[in-house]
J.: 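Next up is a structure, given as structure tokens.
Please read all numbers here as calculations on a predicted model, not as lab measurements. The sequence lines fix the lettering, A, B, ..., with proteins before strands; numbering per chain opens at 1.
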Amino acid sequence: MVAGLGAIAVAGLAVQVPWRPSDAAEASHPPPTASPGAFVGSQACGSCHPGPHASWQQSFHRTMTQVATPAKALAPFAGEVLSDRGRTLRMSQDEGRLRVEEAADGTFGAPRAVEISTGSHHLQVYWVRADDGTLTQLPFAWRVAEARWIPNADSFLVDPDLAARGSGGRWDTTCFRCHATGWSTDDPATGAHDQVAVRDLGIACEACHGPAAHHVAHNRNPLRRWGLWLQGEGDPTVVHPHRLDAARANAVCAQCHSEAMPRVLPGDDRSREPFLAGGRHEDHFSPDAPERLHQALHERGVLSGPRVADGFWPDGTGRVAGREHTAMRRSACAEQGELACTDCHQLHGADPDQQLAPAARTDAMCTGCHPDVAAAGRDHTHHAPDGEASRCVSCHMPRVTYGLFAARRSHRISSPTASGADAHARPNACNLCHLDQTLAWTAEALAAWHDQPRPELPPVHTEVAASLVWALTGDAVQRALIAWHLGDAAAREASGDDWQVPVLSHLLDDRYAIVRALAGEALFGRWATPEDFDYVAPAEARRAFARRALDAWPGGRPRAPAEARQRLLQPDGQVDLQRFSELAAQRDDTPVGVTE
Amino acid sequence: MTDLQHERLGWWWICVFAALGLVLETLHGLKLPVYLDPAAGPRRLLWTLAHAHGVLLGLVHLGFAATLRARPAWEGRGRILASRLLVAAAVLLPAGFFLGGLVIHGGDPNALVLLTPVGGLALVGAAALTARATP
């Protein structure tokens with residue numbers, strides 16, 4: 001009796017779903033269409049994959065977009081009244097909902113419900129439904145590091161005039177594509193293509209593993225699961241980026257972390273279809289996206305100048321965070337090798353901050369392919385072996401990318417050159433740490449150490465520290481990057497810290513709030529206190545702070561004339577006002593519109 | 001097996017699986033990842049079930065011993081089969097839970113967990129035979 005009952009039970013489980021894939025549809029992934037029904041949502045994944053599900057729960061990918069509730073909101077919504085650029089809002093909450101009222105003619109109107117929030121790591125943005133029914137951003141965002149509201153327009157490195165012309169992000173036209181998972185714009189009831197529906201808010205399991213309805217259905221059979229486990233085979237009904245070739249694995253990340261426009265060919269509705277993990281990047285996105293974007297923005301009069309969409313240095317290196325794949329694919333490691341995003345980044349189980357794999361926290365990630373460099377040691381690095389300056393990423397992935405109030409590492413892995421002499425040019429790794437040195441000094445060192453040719457340099461780059469030239473004459477991206485590096489502890493240690501106050505004070509009055517913020521933060525802890533400075537305060541208040549910081553500065557130490565001139569100082573340590581003003585007058589005021 | 005043997009087995013099972021409970025509490029106390037990590041959730045569930053079912057089956061054996069004493073006239077194949085099924089259940093049920101949780105894959109125990117439903121069926125069979133023999 002027992003044997004009979006047992007056999008019936010096991011047979012019942014086994015026949016529920018076929019044991020092995022028998023149809024071509026299962027063997028191919030991803031499934032051919034991405035109908036909303038093909039996505040099951042992240043809740044369905046946790047019961048079978050508790051570990052990865054738990055680590056995803058800790059990630060900023062999960063909290064990228066959330067239903068806005070008092071428990072999930074980082075901002076207080078406790079009656080704050082915020083005003084900027086002619087708009088005044090009052091934030092509040094009641095009955096478990098976040099509310100916002102906007103003032104018109106001095107009177108607050110009816111409260112609107114805040115429906116979703118985006119971001120949770122650095123900034124949190126809140127969205128309400130506009131009169132036309134679309135979700136639109138509030139004009140204020142919560143900056144996590146400062147625990148304060150700031151105008152949304154000041155949270156991006158965007159020219160104030162361009163920001164004034166913009167209307168903020170629109171969830172229903174753009175943002176949902178990367179801030180939600182399992183989206184569709186097709187309404188099967190009406191046949192319309194403008195109804196956004198998503199399976200999961202945020203970047204959920206199926207963003208990287210593909211639609212999983214097929215996978216879930218086939219794996220209800222425990223014998224199938226055990227069979228796959230015992231044979232050590234991957235499950236063909238779901239995408240695992242580690243089992244894809246490097247190009248397809250990288251495409252999983254690149255669907256959002258790249259400068260890419262949906263590929264829309266004549267008669268092609270592909271922009272309506274989401275990219276599915278396992279697919280080819282070039283099937284969904286234009287490979288020449290940056291140039292096309294550049295052209296489109298020029299045609300609309302948003303951009304001027306020869307640069308590519310303000311998102312790239314002239315050598316093609318990205319200078320905006322969030323386009324890591326675009327930068328990485330231009331690296332020799334990707335062009336000549338098989339570099340994959342997951343070689344350095346670990347999406348499950350790593351520190352959520354950067355999601356770096358343990359090996360990527362050391363030089364092991366690089367020395368595996370470059371053992372000769374590891375063997376050369378100091379002969380290659382010319383820096384102390386155990387210091388941060390000897391790490392591969394310090395020189396080969398310099399922080400020349402701006403994003404989210406910080407200088408971020410470039411993902412175009414390259415060797416340092418004495419770059420940065422031409423207008424708008426990319427700063428080099430050496431001068432971003434040795435802030436007190438000239439470009440000529442860097443060129444000399446690279447010629448001596450690595451036989452690089454000595455470039456022709458304009459006179460200013462033989463006399464004045466490159467950081468000061470970039471900070472005073474560069475465009476907003478260069479100024480932001482230098483402001484950040486002027487506050488970097490390692491750079492301060494390498495460069496001394498008695499000469500930076502004049503240039504930082506100058507940057508406190510920059511046209512761009514981000515530059516002001518980074519300059520203010522560079523002053524914190526060494527020359528000023530945070531409560532003194534507000535980078536979004538009226539101009540007069542900001543200038544008063546800059547004057548106070550400059551007045552409190554005792555001046556640099558006495559130096560030889562050439563050394564002092566290099567730092568725009570006089571030999572007695574006071575500012576060389578004439579030279580300083582000459583360079584400041586050459587500031588590149590080309591409007592910058594770096595949207596992240 | 002005699003009523004005394006079932007009684008002895010019952011107390012030993014309570015002893016062993018109560019001790020397993022102490023071990024599990026120790027794993028909790030030491031916060032060992034092998035037991036407390038989210039990925040170890042299935043193991044935690046299975047071992048807890050092994051502990052609970054082991055103790056429970058010890059009590060069932062004590063009850064079965066008391067039944068045998070109360071009905072000395074119950075003889076024959078039915079009694080022998082019920083006794084053997086109960087012993088099989090006492091071994092297979094907790095063993096399936098425990099061994100199934102030793103090595104887990106995602107949310108799945110290993111195949112040794114199949115001992116558990118076999119043990120469960122044995123327990124049901126023993127209970128049915130004992131109930132049928134009750135006047």
J.: Of all the residues in residues 38-55 of chain B, which have a heavy atom that comes within less than 4.5 Å of a heavy atom in chain A?
T.: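 Checking residues 38-55 of chain B against chain A gives B/P38, B/A39, B/P42.
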
J.: Counting heavy atoms not belonging to A/E338, are there more than 12 under 6.0 Å from its CD?
T.: no

J.: If you tally heavy-atom pairs under 4.5 Å against chain B, which of A/C48, A/G46, A/S47, A/A54 wins?
T.: A/C48

J.: Any chance CH2 of B/W11 has more than 12 other-residue heavy atoms, nucleotides or ligands included, within less than 6.0 Å?
T.: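 Check fails, neighbour count at 12 or below.
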
J.: Say you draw a straight line from CG of A/L223 to CG of B/L114; how long is it, rounded to the nearest 0.5 Å?
T.: 7.5 Å

J.: Please classify the contact of B/V113 with chain A as side chain, backbone, both or neither, using a heavy-atom distance under 4.5 Å.
T.: side chain

J.: Using a cut-off of 6.0 Å, state whether more than 12 heavy atoms not belonging to B/R84 lie near its atom CZ.
T.: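 No, because the 6.0 Å sphere around CZ of B/R84 holds 12 heavy atoms or fewer from other groups.
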
J.: Mind checking what makes disulfide (SG to SG under 2.5 Å) contact with A/C341, not counting sequence neighbours?
T.: none

J.: So A/W229 and B/I104, do their side chains get closer than 4.5 Å, heavy atoms only?
T.: no

